[in-house]
Amino acid sequence: MKLNNETILQQSAALREKGYLLPAFDRAAIKANTAARPEWVHFGAGNIFRAFIAALNQELLNSGRMDTGIIVAEGFDAEILDAAYRPFDNLSVLATLCADGRIRKTILGSVVNSLDMERGTEGWAQLEKAFCSPSLKMASLTITEKGYNIADGQGNYFPAVQSDMEQGPEKAGSYLGKIAALCHARFAAGGAPIALVSMDNCSHNGSRLESAVLAIADAWAERGLCRAGFTDYLRDKNAVSFPWSMIDKITPRPDDSVREMLEKDGLEDMGVRVTGRRSYVAPFVNAEEAQYLVVEDAFPNGRPPLDQAGVIFTSRDVVDMVETMKVCTCLNPLHTCLAVLGCLLGFDRISAEMQDEDLKKLVEIVGYQEGLPVVVDPGVISPRAFIDEVITKRFPNPFLQDTPQRIATDTSQKIAIRFGNTIKKYAASDTLCVRDLKRIAFVIAAWCRYLMAVGDDGKPFQPSDDPLMTTLAPRFAEIRLGKACDVHKVLQPVLSDASIMGVDLYEAGIADMVESCFAEMIVAPGAVRTALHRHVNDA
């Protein structure tokens, strides 16, 4: 069976017999409704979108609480659409990997159109038409944390963004430049309200999106390249909103064991593809069962009834507390602990790391002992219950084939949030001592050791993609295990860089601890394991 419209119509009985949950709505009618009065556009066609966001829309479609689907647009890696969307009529299989071993198989049909954001294409024309429709309520985004960066560490705009600023909305070519251009088209078509909702896993995501869009729009206004009043429209909260959100669902790369299961069921062409931009995609996505989405309730044109699908709508302050709880303490820092140590120690599964006594104890100490003391309870989710679920159910899930190598991607962009905030709170506290953050210091040292691209066994490994790797890796290239080096000279430029660490670690008072841990880990092969065991067992 091929995964397409014909199959789910003609082979529905066979699919249900094999345990598949099918769309309980008329896809053709939903597609027609969406074309006539679109309500939801989503930017970013990656795995988290299909595994979580598209599934939310499907739940509402199944129950009749919505009658329009999602238009997904991809502006970074359009090869995803040709590999995992269009050949399958925009259908996909969601394999939910439960901790008790059950696998829930759902065919998702809520995506009714997948559009390439290349200018001059039919996809761009359709996207612009949707954006100009007064019925459009929201445009959500999952473009990854680094997708919001429009300038380098020195504040210089990237060339593509600078070009957009100089040429105006009609020629914008960068991802965020195109989003700003679509907002300009909406303004020119009458200026209907809209919510631009970042659902990416980064701190204050809505403000990051807002800052980028406004920077581009302001440059156009200064040069007279956009319509008068456009920047006022973007700044009017009753016209355009940029809600904050917190999203959480572990969505690993498509796993071969899931592919084999689907092919055994009779589904064809389920292979995993790696695009030219190194996206791992397939006609299916695999993900854990747990999921959280908390969104600031700021939707000037109304919103889909996502609260009826489990989404929590609340104030910006509460979203900030939930996001800080998760990103700075209860999940993301623990993931980074396992990512860098897992790569160094030769692990290829997060779940396997949680069977390692030292690594399990490390995340427990970083989470419960060092992190929780500075967490503010947001009221809508219990921090301790959240971290309990992470450590006892989510990370150890043997059926969720997630890898430390995936989590290690872009670590230089994450350190400041995942550890820097906790360090700053300790340093500013009258009752807490920053010198008690011994294991966080150890993990930062482990990341520096990771930048050597040499495992604890002494063998080279390929580090995960990171935008700063070409800058950072040369600093560690000459270090050899077992050979003395000036650790302070090597680490000082990195540990003092607040743009990476979130704070100057020397000023914060823990850089010497990081240097000491790093020195321990380079004395010989096996030194990482020895240091890990010692530090998690020290009183």
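Sequential numbering from 1 along the given sequence is applied to the chain's residues.
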Q) Do Val240 and Cys183 have side chains that get closer than 4.5 Å, going by heavy atoms? A) no
Q. Out of curiosity, Asp297 CG to Asp307 CG, how far, rounded to the nearest 0.5 Å?
A. 8.5 Å
Q) Which residues pass the ring pair (Phe, Tyr, Trp, His ring centres under 6.0 Å) test with Tyr233, sequence neighbours left out? A) Phe187
Q: Calculate, to the nearest 0.5 Å, the distance between atoms OG and CZ belonging to Ser110 and Arg50 respectively.
A: 11.0 Å
(Q) Below 30° counts as parallel, above 60° as perpendicular, anything between as tilted: where do the rings of Trp220 and Phe230 land? (A) parallel
**Q.** Contacts of type ring pair (Phe, Tyr, Trp, His ring centres under 6.0 Å), residue Phe395, not counting sequence neighbours
**A.** His335
Q: For atom NZ of Lys31, decide whether the heavy atoms of other residues, nucleotides or ligands shown that lie under 6.0 angstrom number more than 12.
A: no
(Q) Quick check for you: to the nearest 0.5 Å, what is the distance between Ile107 atom CD1 and Gln58 atom CD? (A) 9.5 Å
Q | Pair Asp410 + Lys146, salt bridge at N-O below 4.0 Å | A | yes
(Q) Within the 4.5 Å heavy-atom criterion, are Arg102 and Glu289 side-chain neighbours or not? (A) yes
Q) Has Arg208 got its NZ or CZ under 6.0 Å from the middle of the six-membered ring of Phe242, at an angle within 45 degrees of the ring axis? A) no
Q) Taking NZ, NE, NH1 and NH2 as the nitrogens, is one of them in Asp218 or Arg235 under 4.0 Å from a carboxylate oxygen of the other? A) yes
Q. Just wondering, are more than 12 heavy atoms of other shown residues or ligands nearer than 6.0 Å to NZ in Lys237?
A. yes
Q.
Using side-chain heavy atoms (C-beta onward) and a distance below 4.5 Å, is Phe313 in contact with Leu306?
A. yes
Q.
Measuring only between side-chain heavy atoms, which start at C-beta, is Leu15 closer than 4.5 Å to Thr7?
A. yes
**Q.** OH-CG distance between Tyr20 and Leu3, expressed to the nearest 0.5 angstrom
**A.** 9.0 Å
**Q.** Heavy-atom check, side chain of Lys414 versus side chain of Glu145, under 4.5 Å
**A.** yes
